[in-house]
Engineer: 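Would you mind keeping the following structure in view while I ask a few things?
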Amino acid sequence: MSNIAQVIVNIPARSIDKPFSYLIPEQLPAIDIGWRVLVPFGSRKVEGFVISLEDEPTDGLKSILAVLDDYPWFNDNMLKTAEWLSRYYLCSPAEAMRLFVPGLSGIKSTKAYQAAHAIDCEQASILLAAKPAEYRTVLSYILDHGPVSQADLAKLPGSIETILKFLLQHKLIIHTDTVLKRGKASTIRLINLTVSKESAAQAEQALPPSKSAQRRLLHALIQTGELSPTELRNLHISADTVRKLTSQGLVASREVQIFRNSYNTIIHKVDEITLTTAQQQALQQIGPVLKAGIHKSFLIHGVTGSGKTQVYIKAVAEARGLNRQAIVLVPEIALTSQIVARFQAAFGQDVVVMHSKLSVGERHDAWRRLHSGQAGIVIGARSALFAPVDNLGVIILDEEHEFTYKQEDSPRYHARQVALFRARIAGAAVILGSATPSVETYHQALSGEHTLITMDKRVDNVPLPPVTVVDMREELLKGRRSVISPALTEMLAEALFRKEQAVILLNRRGYSTFVLCRECGHVLKCRHCDIALVYHTPGHSLRCHYCQERHTVPDTCPECGSRYIRYFGAGTQKVEEALNALFPTAKIIRMDQDTTTKKMAHDKILAAFAAGTYDILLGTQMVAKGHDIPNVTAVGIISADTALNLPDFRAAERTFALLTQAAGRAGRGNKAGRVVMQTYNPDHYAIVNGGMHNYQGFYENEIIFRRQLNYPPYSNLIKITVQAGDEIQVHRNANQLAAELSPVSANAATTVIGPFPASVAKVKDIFRVNILIKTKDMAEVTGHLANLNIACRKDVIIDIDPINVL
DNA sequence: AGCACGCCGACT
DNA sequence: GTCGGCGTGCTC
């Protein structure tokens with residue numbers, strides 16, 4: 001019989017990357033693979049995950065202390081996914097497994113201090129005689145009060161840490177460790193009748209009028225059958241009243257688990273929508289795969305407004321009909337409330353929404369609803385991938401090209417990759433959807449890895465809006481220096497005249513993008529980061545967009561002392577000012593990071609705009625996503641090339657996607673839309689094709705460039721970043737690391753580039769140097785990297801399939 | 001991550 | 001001589 005468990009301890013240290021063996025005590029026979037347990041680890045008690053069982057007897061093993069749940073937390077699919085994740089992304093097994101545990105650790109440990117059992121008071125006074133009085137105060141406090149927490153002791157004078165350490169060392173006190181389970185389920189008591197309604201009515205009659213509360217309670221119970229604590233409160237019935245009737249044997253209560261639900265969106269009624277031919281054709285391909293229960297992936301390339309969401313809903317309905325579960329991923333829950341609302345309208349309580357703003361308790365509830373099968377659909381950002389679904393039928397990635405699908409801290413996974421893996425081992429379908437698929441995904445679809453489904457018409461054949469490209473170089477030659485060109489002004493004026501709405505995109509927040517001394521050319525930079533400061537109008541301050549520090553605007557240039565300091569470049573605040581000057585009566589709302597800091601502020605701004613409270617919505621890329629407002633007929637893009645000039649191989653892809661998404665906001669209802677795009681690079685293929693809604697044209701240009709420079713999809717990338725607080729040190733460390741990588745570059749399929757300073761060489765006083773690996777043999781390189789043991793180094797970040805090479 | 005063990009400077 | 005600084009190294 002297996003009585004030894006291999007346990008991954010949940011400790012966020014990358015150096016602990018192996019399982020530890022523990023004895024399974026006889027009184028805990030249920031322990032099996034996938035269970036969460038409490039184990040002794042060093043001098044502490046920590047949460048652990050059982051990953052396998054063994055029966056080889058080994059000496060010196062500690063025993064598992066307890067189980068944390070009454071069911072296995074991980075199923076086979078989840079364990080395999082975690083194992084793959086840790087191997088592919090070079091993270092520790094604990095890091096990978098923690099993704100599946102909402103709210104980080106499932107346990108909370110509280111330390112308490114109490115007097116040692118065999119305390120010798122005489123010896124104690126001798127020991128403490130030489131010590132300051134505080135030592136004696138602390139000891140007598142502990143003697144008087146029994147077990148006390150450190151928080152309590154902290155109120156006492158003196159440096160408590162040192163005193164406690166001394167007392168522990170001399171065995172005058174001991175400390176205990178109480179481990180509590182977190183995320184307890186919430187329950188409420190429902191009050192009901194224990195007798196028939198008739199006898200209850202008789203009892204009510206029999207009560208004297210003075211006992212009005214009891215009469216009211218009986219009356220209400222006869223009416224409704226069962227009452228919740230909230231309803232009792234509304235009826236002004238106290239717990240005492242309930243107790244009285246309980247003792248008379250008339251009422252009783254039962255405890256039921258409740259689920260916290262902060263996502264109280266108004267659920268709109270479902271209109272039965274007639275599917276378009278394209279939607280039907282898409283479902284004809286997906287349906288049989290779901291029925292057969294085999295893994296297959298689809299790429300739905302559908303123009304903005306082609307009705308992809310309806311296909312997702314029907315596919316999920318199909319999976320649910322087969323009693324299989326669904327995971328629906330959206331790039332950012334705050335920007336995609338419309339799709340969430342549509343799923344809730346279609347599936348009601350079968351949908352669980354997971355997002356980062358959920359509290360630990362809400363997260364647990366969501367988890368339990370899925371795990372217990374009370375809900376079968378989870379919709380959320382990338383973390384929803386790790387939901388406990390038993391019988392996975394389909395995973396949907398809406399807007400699959402979005403970079404938010406890549407997690408930017410360890411484990412640096414890409415949701416698309418994980419989705420494909422999880423679905424493959426579960427025999428489930430994956431549906432990737434986008435109007436502008438990532439170059440990698442589209443390339444895979446063309447080579448047959450995904451089934452390509454094209455939806456190139458908008459629902460009801462609404463035409464895509466015509467795009468006017470304004471060459472800002474020519475504007476400048478004509479002496480027009482305003483950030484808003486005449487073409488854009490004219491379009492806005494017309495839309496406002498017709499009482500239609502406009503969306504304006506400018507991918508830069510703040511007022512001006514840099515501050516320059518016209519005397520010596522000095523650009524004001526952040527003290528802690530190697531980046532230009534941005535001028536913000538509110539508070540008349542300079543802000544660093546990397547470390548958020550505010551600097552005051554200097555009167556004179558810190559380099560040459562000149563007073564000739566000027567602001568250059570335009571941010572959203574400056575455009576807002578310009579729009580106010582051009583259209584004084586128009587109501588303008590700005591949406592960027594500065595105006596959306598509050599919880600759900602996106603939603604509120606978008607809702608107000610959709611309701612017609614504002615005429616113009618101005619903002620950064622968040623205005624280009626998700627919403628579908630019929631009255632928006634004009635879209636203006638202030639500077640189409642903001643992202644184009646970044647030194648990154650995905651700059652063109654990013655630009656094309658943003659332009660296409662933004663342009664797609666116009667004319668989604670029955671009114672024709674228009675787009676004006678201002679640019680300094682009107683001939684660039686990302687902008688030319690963005691203006692023509694021509695994905696194919698863009699792709700054909702881009703793929704040539706990718707092939708020439710051996711970038712993805714023709715290779716896989718690994719970015720290694722070395723960090724240090726000292727500039728010389730960081731280069732020394734990076735060069736040394738590059739030398740260690742020589743066995744990696746020995747393979748002809750692999751090239752190592754760098755070290756070279758990161759595009760922003762210093763952030764928050766930390767210098768960063770990158771090494772880039774391009775390879776056609778990912779497994780070999782990651783194998784080497786694992787052997788070199790650099791993944792656990794604190795000053796090194798390994799990013800597998802990085803989203804940028806900056 | 002914690003916590004122990006361990007080897008060198010400033011004090012009663 | 002002791003206290004205590006935080007540099008390695010281990011945790012079944």
Side-chain angles (χ1 to χ4, degrees), chain A residues 2-26 28 31-33 35-68 86 91-99 101 103-113 126-135 138 149-151 158-180 182 409-411 724-726 729 733 789-797:
Chain A
S2 324
N3 63 343
I4 292 165
Q6 298 274 71
V7 175
I8 297 291
V9 289
N10 186 5
I11 283 174
R14 267 182 276 175
S15 50
I16 305 172
D17 59 353
K18 62 177 201 304
F20 290 82
S21 303
Y22 288 89
L23 284 169
I24 301 173
E26 276 171 28
L28 297 173
I31 293 176
D32 205 338
I33 293 169
W35 284 65
R36 289 198 311 162
V37 291
L38 185 68
V39 290
F41 192 67
S43 59
R44 307 178 288 159
K45 294 166 185 169
V46 297
E47 180 189 37
F49 312 118
V50 178
I51 55 157
S52 62
L53 298 181
E54 273 178 26
D55 39 21
E56 265 177 66
T58 320
D59 286 339
L61 293 187
K62 291 185 182 175
S63 285
I64 291 173
L65 298 168
V67 289
L68 292 176
S86 122
C91 67
S92 72
E95 274 180 302
M97 297 188 86
R98 237 208 313 266
L99 294 168
V101 184
L104 300 176
S105 174
I107 56 166
K108 186 180 187 289
S109 114
T110 34
K111 280 205 174 92
Y113 298 88
I126 298 166
L127 271 166
L128 295 178
K131 291 284 164 195
E134 285 101 34
Y135 280 67
V138 171
S149 70
Q150 183 155 4
S159 97
I160 201 76
E161 303 257 335
T162 323
I163 299 172
L164 286 173
K165 210 171 155 187
F166 179 86
L167 295 175
L168 280 170
Q169 211 166 30
H170 293 88
K171 304 219 164 20
L172 296 172
I173 60 167
I174 55 167
H175 81 265
T176 51
D177 213 356
T178 323
V179 178
L180 292 171
R182 266 202 199 143
D409 39 43
S410 187
D726 182 89
Q729 188 69 42
N733 292 353
N789 232 6
I790 46 178
C792 63
R793 270 176 64 171
K794 266 178 143 179
D795 62 332
V796 174
I797 297 167

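Note on naming: letters A, B, ... go to the chains in the order of the sequence lines (proteins, then strands), and numbering restarts at 1 for each one.
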Engineer: Please test A:Ile4 against A:Leu23 for side-chain contact (heavy atoms from CB on, under 4.5 Å), starting from the C-alpha separation and ending with a verdict.
Structural biologist: CA-CA 5 Å; A:Ile4 292 165; A:Leu23 284 169; 4.0 Å; yes
Engineer: May I have the distance from A:Asn789 (atom CG) to C:dG9 (atom P), rounded to whole angstrom?
Structural biologist: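 Computing the A:Asn789:CG to C:dG9:P distance gives 13 Å.
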Engineer: Just to verify, what does A:Ala13 make a side-chain contact (heavy atoms from CB on, under 4.5 Å) with, not counting sequence neighbours?
Structural biologist: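 Per chain and number, A:Ala13 pairs via side-chain contact (heavy atoms from CB on, under 4.5 Å) with A:Ile11, A:Ser15, A:Ile16.
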Engineer: Would you check if the side chain of A:Tyr22 reaches a backbone N or O of A:Pro40 as a donor-acceptor pair within less than 3.5 Å?
Structural biologist: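 Yes, A:Tyr22 side chain to A:Pro40 backbone: donor-acceptor pair under 3.5 Å.
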Engineer: What integer distance in Å separates A:Lys45:NZ from B:dC3:P?
Structural biologist: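 Checked: the NZ to P distance equals 13 Å.
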Engineer: Grab the N/O contacts between the protein and nucleotides 10-12 of chain C below 3.5 Å, and write none if there aren't any.
Structural biologist:
from	atom 1	to	atom 2	distance (Å)
C:dT11	O3'	A:Gly42	N	3.1
C:dC12	OP1	A:Pro40	O	3.3
C:dC12	OP1	A:Gly42	N	3.4
C:dC12	OP2	A:Lys62	NZ	2.5
C:dC12	O3'	A:Ser21	O	3.0
C:dC12	O3'	A:Lys62	N	2.6
C:dC12	O2	A:Ser21	N	2.6

Engineer: Run through A:Glu95, A:Glu47, A:Met97 and flag the one making a side chain to side chain contact (heavy atoms under 4.5 Å, CB included) with A:Asn10.
Structural biologist: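 Among the candidates, only A:Glu47 passes.
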Engineer: So, does A:Arg14 use its side chain to make a donor-acceptor pair with the main chain of A:Ala791 at under 3.5 Å?
Structural biologist: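 The answer is yes, because a donor-acceptor pair under 3.5 Å joins these two groups.
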